[in-house]
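The structure under discussion appears below in the form of structure tokens.
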Amino acid sequence: MKNITLLYFLIALLSLQCSSPPPAGEPTIQTVLGPTPAEEMGLALIHEHVFLDWSGADSIRPEEWDEEQAFQAILPYLEAAKAKGVNTMLECTPAYLGRYPALLKRLSEASGLYLLTNTGYYGARQNKYIPRRAFEESAEELAARWIKEWENGIEGTGIRPGFIKIGIDSDTVLSPMHEKLVRAAAKTHLATGLTIVAHTGPEAGAYQELKILEGEGAAPDAFVWTHAQEGALEAHTELARRGAWISLDGMGWLNDQNGQVDTAALQKYLEMLKNLRDNGLLHRTLVSHDAGWYTHGEPGGGSFQPFTAIFDTVIPALRENGFTDEDIRQLLLENPREAFSVRVRAIRG
Ligand SMILES: [Zn+2]
């Protein structure tokens, strides 16, 4: 009897340790620890930052980053998110702006959170974070670089990106550089199945991005309209109806350092979420904090905005406004899993 118990114990232990790649055909997400069944994603924050370096693509010096200091400063905030029930976090800091896969891997192992990093370039803020050679390269050449990171891992770390992150300035007409970034993102998506998270803001940019993506053959549900909280309600419903993901992601800034809630901003988020719910579009809606981040160059990394306002402030307000547990589960669990499971979403035709 005792031996059988021991046997079961050993089997259980073995199955815990064998978190090998999931079987083919099963939906997966790509975390910094490797491919992971999408079923294990759990409650997810889809747009956060742990580390940033604002030096600019020409002057950034990753060799000067203090990994140990950053690790110690960031870890408690990940643990606080974990205590709220968070299981997965997408780290949206792109290359040349402080993307730090090795640090993310350490933080993931220490916190028990799944973390995802990204490939792609951030053109917003007038291209300060775009490496010089990218101006000469074609969309195909940029895509080839990003696809290589998916295939071989990032900068020799072996850590692969879990999504594509680009950034554009949401002007009336996209600059040629930003149009090229969107085109490269579409090509990368079609080659890898990675979802495109596009820092955009107001809807003028989002409409143009979607047109370019569709022109390249990528379906709207491969596209996350990021910072959509800066866009109009009608644009939310229209683009969600077309299949795009609407990302309302600045919620980390609802609470100030003393825990005071910005009630006007909270009301705006509630209005946006009610609009999407009332139009039957909650299944296209994503929420996050866009909070964090340890800033290289500031003493102790500067002041850190926690990843908890959704739980302390937004969810109670949603409940008061008639949102059900099922709605909240959809926003934080089902939609992230659907949006970020790796698969090609091409337009059939
Ligand atoms: Zn962000």
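Hydrogens, waters and symmetry mates are skipped; everything else that's a heavy atom, side chains included, is used. All ligand and atom numbering here is 1-based and tracks the order in the structure. In this text, all values refer to a predicted model and were calculated from it rather than measured experimentally.
- Atom CZ in Arg160 sits 12.0 Å away from atom CG in Leu116 (nearest 0.5 Å).
- Using a cut-off of 2.8 Å, one finds that Cys92 contributes no N/O/S atom close to the Zn ion (ligand 1).
- Results of the salt bridge (charged side-chain N to carboxylate O under 4.0 Å, His left out) test with Glu137 over Arg145, Lys180, Arg183 single out Arg145 as the only residue that passes.
- Within the hydrophobic cluster formed by Ile, Leu, Val, Met, Phe, Trp and Tyr side chains joined at under 4.5 Å, directly or through other members, Tyr129 is accompanied by Leu52, Trp54, Leu97, Tyr122, Trp253, Trp293.
- When each of Phe51, Tyr77, Tyr100 is tested with Tyr294 by the rule ring-ring contact (aromatic ring centres under 6.0 Å, His included), just one qualifies, namely Phe51.
- Note on His49: counted as a metal contact of the Zn ion (ligand 1), an N/O/S atom lying under 2.8 Å.
- Take the N/O/S atoms of Asp290: the one nearest the Zn ion (ligand 1) is OD1.
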